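Structure first, commentary second.
The chains referred to below are lettered A, B, ... by the order of the sequence lines, with proteins before strands, and numbering in each begins at 1. Predicted model only: the values in this text are computed from it and were never measured.
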Number of protein chains: 2
Amino acid sequence: MPDKSKRSVSPVRSTQPVMWLLALLGRKWTLRVLWELRDQRLSFRALQARCDDISPSVLNRRLKELKTAMIIDHNGLGYGYTQLGSELGAQLLNLNDWAAKWSVEMEALR
Amino acid sequence: MPDKSKRSVSPVRSTQPVMWLLALLGRKWTLRVLWELRDQRLSFRALQARCDDISPSVLNRRLKELKTAMIIDHNGLGYGYTQLGSELGAQLLNLNDWAAKWSVEMEALR
DNA sequence: ATCTTATGCTACTATTTTGGTAGCGTCAAC
DNA sequence: GTTGACGCTACCAAAATAGTAGCATAAGAT
């Protein structure tokens, strides 16, 4: 039986998925890769070029992780979001809006 | 509407803030720290405990970075979001919704 | 006063992750 | 059959993170 203590629904079970996600996104280059794929599919080498010439070994690791997580896939047109992943990608666009506002605030206080 | 064609205005200037943000969030533990602060202020040691006993040296670096970015601050009640940062924190809550859906999909395909 | 407890760290070394370079196998065009 | 693009893999160097110890300060209890 799963955990019965304290909370009626297991707190572990309810927060684990987001923990996995945060760990995945928290690896270097993961967010950047997802950002670069925001509105187009890209080949391995095109991605590499856009990501400040990230080393192929790391890029490949990140792509494997994202494929395993079913956030991206790979076809003849290159790497891109899966249907599921695209909903996550949409949230990254929101980050851009926040960042724009943020930079204005930061500039104002320099 | 913002530019949608070929980046008529400086592409560097328009994407730099989000690049900084992605680099910041892409460091290990940064997202997790922000997640743990989502609905309460926490002391250094309380944060450490919640973040799987992250080493104090790394935690301190992350906190410094986030303070410099004016996303969090520190007062007598511990570390917590600034007004600006809380809008970013709100987006992390959305990540949780996505992650919940994601885990269901992943389970279904195992 | 002093003993305990909590806080917010810093210093140091070990381990893990990432970076950088070279190069291979496949394919398609020329 | 040579050239170029692609998607890698292997290898070692460099950088980031983990892990442990411990210090200084302050508040509260004895």
More than 12 heavy atoms from other groups under 6.0 Å of CD on Q83(B): no
CA sep, side-chain torsions, deciding dist, call: L42(A), L77(A), side chain to side chain contact (heavy atoms under 4.5 Å, CB included): CA-CA 7 Å; L42(A) 291 170; L77(A) 298 173; over 6 Å; no
Short side-chain N/O contact to dG7(D) OP1/OP2 from K67(A), under 4.0 Å: no
Mutual orientation of the aromatic rings belonging to F44(B) and Y79(B) [parallel < 30°, tilted 30-60°, perpendicular > 60°]: tilted
Contact under 4.0 Å: N60(B) side-chain N or O vs dG8(C) OP1/OP2: no
d(CG, L63(A); C1', dG7(D)) in whole Å: 10 Å
Whole-Å distance separating the CG atom of D73(B) from the P atom of dG8(C): 13 Å
Sugar-phosphate only, base, or nothing, as touched by S55(A) at under 4.0 Å among non-hydrogen atoms: base
Integer-rounded Å distance: dT17(D) P and D53(B) CG: 18 Å
Nucleotide dT20(D), atom C1' - distance to CD1 of I54(B) in whole Å: 15 Å
Spacing of L47(A) atom CG relative to dC8(D) atom C1', expressed in whole Å: 14 Å
R62(B) or P56(B), whichever maps to the more 5' nucleotide of DNA chain D: R62(B)
W29(A) six-ring face occupied by R32(A) cation (under 6.0 Å, within 45°): no
Separation of atom CG in L59(A) from atom P in dT21(C), rounded to whole Å: 16 Å
Atom pair distance, as rounded to whole Å: CZ in R45(A) and P in dC27(C): 16 Å
N or O in side chain of W29(A) less than 4.0 angstrom from dG19(C) OP1/OP2: yes
N/O (side chain, K28(A)) to phosphate O (OP1/OP2, dT17(D)) under 4.0 Å: no
Presence of salt bridge, D53(B) and R45(B), under 4.0 angstrom: no
S43(A) side chain near dG7(D) phosphate (N/O to OP1/OP2, under 4.0 Å): yes
Distance below 4.0 Å between K64(B) side-chain N/O and dT10(C) OP1 or OP2: yes
Distance in angstrom units between R61(B) CZ and dA16(D) C1', rounded: 7 Å
